[in-house]
Student: 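Got a structure for you, questions after.
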There are 2 protein chains.
Amino acid sequence: MYHKIQKTIICITDYMTPRTSIQLEKIREAKRSLIMQSALEHFAKNGYYATTISHIAKHAGISKGLMYNYFPSKEALLKEIIYNYIQEIYQYFDINRDGYLTEEEFEYFIHQIYRTLKEKKSFFQLLFQMMMQSEVRLKLIELQKSIETLAARSDDSITALEKQIYKTLSDYFKRKKEKAGQEYDSDLELNIFIYTIKGFALTYVFNETEFDEEYFEKSVNKIIELYK
Amino acid sequence: MYHKIQKTIICITDYMTPRTSIQLEKIREAKRSLIMQSALEHFAKNGYYATTISHIAKHAGISKGLMYNYFPSKEALLKEIIYNYIQEIYQYFDINRDGYLTEEEFEYFIHQIYRTLKEKKSFFQLLFQMMMQSEVRLKLIELQKSIETLAARSDDSITALEKQIYKTLSDYFKRKKEKAGQEYDSDLELNIFIYTIKGFALTYVFNETEFDEEYFEKSVNKIIELYK
DNA sequence: ATTTTATGATTGAACGGTCAGTCAAATGTA
DNA sequence: TACATTTGACTGACCGTTCAATCATAAAAT
């Protein structure tokens, strides 16, 4: 079925071009995406090690060998997936780059987290899994660093995202402190808040009982109410 | 060689036992524990699939083959570990079997969670990993059910523990509701509380930066303060 | 005290299966 | 024809598992 889609794409791009140039590149890119999508689903569901290249290929409607035309190795494929998603998710949270969060923006921020979790569920499943194996995590970080030439960021993508979020929130909670009395420990409250978000993310992302979305939305609103 | 065969034949004639002492059983049990300990550490650090029997055996100071004298398979070893720890942890939380939690007991309960996380860090690392792979989780549940003859519990150990905790807490939060006004949604607050605990557990258990214990203890106290 | 013997513990080479990765050939495509 | 894409049989390494053989020890026999 994926195979058919792929053929269609080729047909569409079948202009009179004598040159196999930029169009070709686009087809290639589309297929790359297809493979990554298939791989992500398998990695997320069964884990990295339990997933075989053959399964990924079959699901993507291509042969095993072709995989290696697009990615040099299974590990490279994994890293590429993670790197790409991280980059993409980065965009979502670039809005508050001034570092100042209003209450409204804070609310938006939390909702944005929820939307992102929902939209990229599989990716977060994979990410959680990755972050729980020190061996793999180290490998990832090490390799992110070697890829970093691509972006102008000097720190590794995974923790960079975490850091940016942390910084913005830290400022927000500090400002709350100024408003509130002396008793209020902003760092501590921030940490508790992060635990809550983490726990929520974990629960949401790995929830299989096809819970109501409404249930989770209520939780999101409660969290906002508690911490805004 | 031939010599050996003769021995075997004699063996068949089946004299009564010049057998070793019953204490042998204790040594056996000790070695079983040793293997399980070694396996747990590897599983926790590198994940189930990335861990080889050879590694476990080498770390335990025994040969690969001997592993199979104590456990029928790698998977059985995993299940045995999880089952044992679950059973053990059960004990810790059996105190409030009456289902009624006072504020003091609630405080104790949270502290107990923290102590358990600390004491059985590796196990919780493994457990978190397991719970994130649907494939493995299903296998586990299915097999727990087949082992259940051992204990008089009719539901599987992992979720049973979860359920018991949930029930006790649910009652506690409901009672809070009665005290507080109408605005208070006990179920919702309970869920948020659980997210927080989960997030805290996740952070604590996979923390590698050798954070101060003091830091986490402060968090524990804050959580108590927020939810008691 | 010494030797014999039975038995469980232990070893590691070997087996069978799996899987990441390769490559020569086939199949388009211009 | 020339060039690119795609395939899937194949390879070599690895790993869970097995098993024939050895070791260690305690009781029995001498």
Student: Does F93(A) reach the side chain of T168(A), with side-chain heavy atoms less than 4.5 Å apart?
Tutor: no
Student: Could you tell me whether the side chains of E213(B) and Y114(B) share a donor-acceptor contact shorter than 3.5 Å?
Tutor: yes
Student: Report the residues that fulfil salt bridge (Lys or Arg N to Asp or Glu O under 4.0 Å) with R28(A), sequence neighbours left out, ordered by chain and then residue number.
Tutor: none
Student: So does R28(B) get a side-chain nitrogen or oxygen closer than 4.0 Å to the phosphate oxygens (OP1/OP2) of dG8(C)?
Tutor: no
Student: Among residues at least two apart in sequence or on other chains, which ones pass salt bridge (Lys or Arg N to Asp or Glu O under 4.0 Å) with K64(A)?
Tutor: none
Student: Atom NZ of K74(A) to atom C1' of dT18(C): distance rounded to whole Å?
Tutor: 11 Å
Student: Any side-chain donor paired with an acceptor under 3.5 Å for S38(B) and H59(B)?
Tutor: yes
Student: Any side-chain donor-acceptor pair under 3.5 Å between Y92(B) and E119(B)?
Tutor: yes
Student: Taking the minimum atom-to-atom distance to the side chain of N69(A), which one of dT17(D), dC19(C), dT6(D) wins?
Tutor: dT6(D)
Student: For the pair made of CG in L78(B) and C1' in dG16(D), what is the distance, rounded to whole Å?
Tutor: 14 Å
Student: Can you list, by residue number, the residues of residues 59-68 of chain B that have a non-hydrogen atom closer than 4.0 angstrom to DNA chain C?
Tutor: I62(B), S63(B), K64(B), G65(B), L66(B)
Student: Expressed as a whole number of angstroms, how long is the span from L77(A):CG to dG21(C):C1'?
Tutor: 14 Å
Student: Please state how far atom NZ in K31(B) lies from atom C1' in dA9(C), giving the value in whole angstrom units.
Tutor: 8 Å
Student: Check the phosphate of dT10(C) against Y70(B), side-chain N and O only, distance under 4.0 Å to OP1 or OP2. Yes or no?
Tutor: yes
